[in-house]
Amino acid sequence: MVDITERLEIIRKMVAKGDYFCINRGRQYGKTTTLEAISNRLTDKYCIFQISFEGISDSTFADEKKLYSMFVWLLVQQFKWVPLEGLDEEVGNEIKSFYDTHRQRCSEMELADFISTICHRNKKPLVLLVDEVDQAGNHVSFIKFLGLLRGMYLRKNVVPTFQSVILAGVYDIKNLKLKMRPKEQHQYNSPWNIAVPFDVDMSLSADGIAGMLAEYKADHGLEFDEKEVAQMIRDYTSGYPFLVSRICQIIDAEQFSWDKEGVLKAVNAILMERNTLFDNMMKKLDEYPELKLTIKGMLFSGKAKSYNPDEKYIQMASMFNYIVNKDGKIAVACRIMETRLYNLFLSEEENSFLFQQGMADKNQFIKDGIIDMAHLMERFVVHMNQTYKMDHDTEFIENDARKVFLTYLRPVINGIGSYHIEEQTRDLDRMDVVVDYLGKQYVVELKIWRGNAYNERGEEQLCRYLEYFDLQQGYLLSFCFNKTKKSGLLPPVVLKGRTLIEAIV
């Protein structure tokens with residue numbers, strides 16, 4: 001339902017120039033939806049063949065001549081029952097006749113001549129869309145098929161061929177070739193080096209989401225601020241199409257309110273469910289241990305990692321849209337994915353003392369759906385002092401401080417609430433945790449004690465966050481290895497009309 005006219009206009013211009021290109025994005029990122037939209041909206045000037053390699057057997061790919069025959073069969077299937085807009089009748093008959101003759105096997109030269117013939121005879125230029133090219137990724141026959149299209153593209157001024165060819169899948173063509181080779185061989189020569197870059201932003205903008213919600217609101221006779229809801233959905237998803245759709249689907253199906261509380265409930269439901277997006281992400285972390293260690297260090301310790309596209313695990317994670325390049329550094333693609341990763345890493349701590357204490361203490365922190373965050377921090381300090389000697393464990397302070405607090409917090413809110421980290425505050429010194437619980441939010445700043453002046457700056461920054469979230473009370477949790485600093489809960493401080501409650505470990 002989201003309007004993607006702007007994206008389609010860019011693609012229209014690429015097709016008009018005769019570009020061949022690939023739409024490579026992560027799973028459930030709107031690739032097939034985009035192909036459908038292209039097929040529906042470009043028929044004024046072109047005849048669009050939209051096929052998919054999904055479901056084709058390995059035996060077909062085992063023989064390139066069988067694959068070529070299958071390709072022609074896929075073309076026939078598109079107009080066998082319903083007329084294909086822009087396809088001349090005699091050209092359609094020619095395609096059927098060619099398949100009848102070559103239904104068992106078709107040579108490369110026969111297929112090339114066939115493509116040239118139909119492209120020459122049809123009044124409208126032919127455009128080929130191929131979805132699910134990943135299905136063909138391990139087969140030499142598919143690479144040869146791409147080589148055939150490439151050869152015809154290079155001779156297009158002499159021999160008629162497709163106006164444009166668009167491939168869609170997760171893997172780019174270079175990586176498809178890499179998948180076929182043993183690890184000791186490094187083949188970077190692609191049969192698809194004619195492709196132009198496809199740099200179109202396929203994430204959904206806040207305005208696009210708001211437009212969709214406005215239609216939904218009108219259809220259902222509802223009243224809510226679609227722009228505010230859309231921006232909140234965008235903040236949690238970064239416009240990842242599947243996650244945007246899933247939040248809206250959950251709110252609709254569960255009849256949650258279309259407001260901040262409803263969005264937070266839907267986000268929490270997604271964080272608790274199994275789906276193919278997260279299953280695949282976890283699988284990639286197992287396959288690439290270096291990726292897992294990098295993300296873990298970045299999330300808990302604020303250890304920045306340069307974005308190097310030549311590193312295999314960075315290349316792979318980017319291709320699947322799990323990470324992005326943010327100002328030259330690696331960042332997790334969106335807030336929901338990041339929280340899911342926090343939960344994964346924190347689940348490794350479920351046998352720890354602090355997790356078990358969080359489970360034991362949780363009932364004393366929540367009353368009438370409200371978290372007594374001050375009491376929670378106070379109890380956390382007690383447990384920390386039982387476990388660590390803060391004047392000696394300086395390495396712990398730098399590397400694990402955030403992790404231990406989240407380990408204690410998670411069983412308190414798990415299943416009902418969630419949390420996220422404000423990205424711009426995740427560094428070696430401080431990190432702001434925003435806890436979402438039953439529609440209410442709590443901001444807790446975690447920081448390493450660097451002296452009074454630094455602490456005052458932290459208080460100023462926390463006040464700005466409280467203003468942003470429209471909250472009157474905020475919390476600071478300071479990890480200090482200064483022997484003269486007394487631990488425990490400090491008296492509240494009022495700053496700029498807002499109350500700050502601090503605890504020192």
Using a distance-only test with no angle check, is there a side-chain donor-acceptor pair under 3.5 angstrom linking [X] and [Y]?
{"X": "Gln163", "Y": "Lys156", "value": "no"}
{"X": "Tyr419", "Y": "Asn343", "value": "yes"}
{"X": "Gln231", "Y": "Arg234", "value": "no"}
{"X": "Asp207", "Y": "Ser205", "value": "no"}
{"X": "Glu36", "Y": "Ser39", "value": "no"}
{"X": "Asp131", "Y": "Thr32", "value": "yes"}
{"X": "Asn308", "Y": "Tyr313", "value": "no"}
{"X": "Arg335", "Y": "Thr237", "value": "no"}
{"X": "Asn280", "Y": "Tyr322", "value": "no"}

>> Under the criterion side chain to side chain contact (heavy atoms under 4.5 Å, CB included), I'd like the reasoning laid out for Phe49 against Val127: C-alpha separation, chi angles, the key distance, then a yes or no.
In response: CA-CA 6 Å; Phe49 279 100; Val127 174; over 6 Å; no
Does [atom1] in [X] sit with more than 12 non-hydrogen atoms of other residues, nucleotides or ligands closer than 6.0 Å?
{"X": "Glu89", "atom1": "CD", "value": "no"}
{"X": "Glu228", "atom1": "CD", "value": "no"}
{"X": "Lys227", "atom1": "NZ", "value": "no"}

>> With side chain to side chain contact (heavy atoms under 4.5 Å, CB included) as the criterion, how do Tyr236 and Leu264 come out once you've worked through the C-alpha distance, each side chain's angles and the decisive distance to 0.1 Å?
In response: CA-CA 9 Å; Tyr236 276 89; Leu264 292 178; 3.1 Å; yes
>> Run the side chain to side chain donor-acceptor pair (under 3.5 Å) test on Tyr442 and Asp436 for me, step by step, so that the C-alpha distance in whole Å, both residues' side-chain angles and the decisive distance to 0.1 Å come before the verdict.
In response: CA-CA 7 Å; Tyr442 308 79; Asp436 302 314; over 6 Å; no
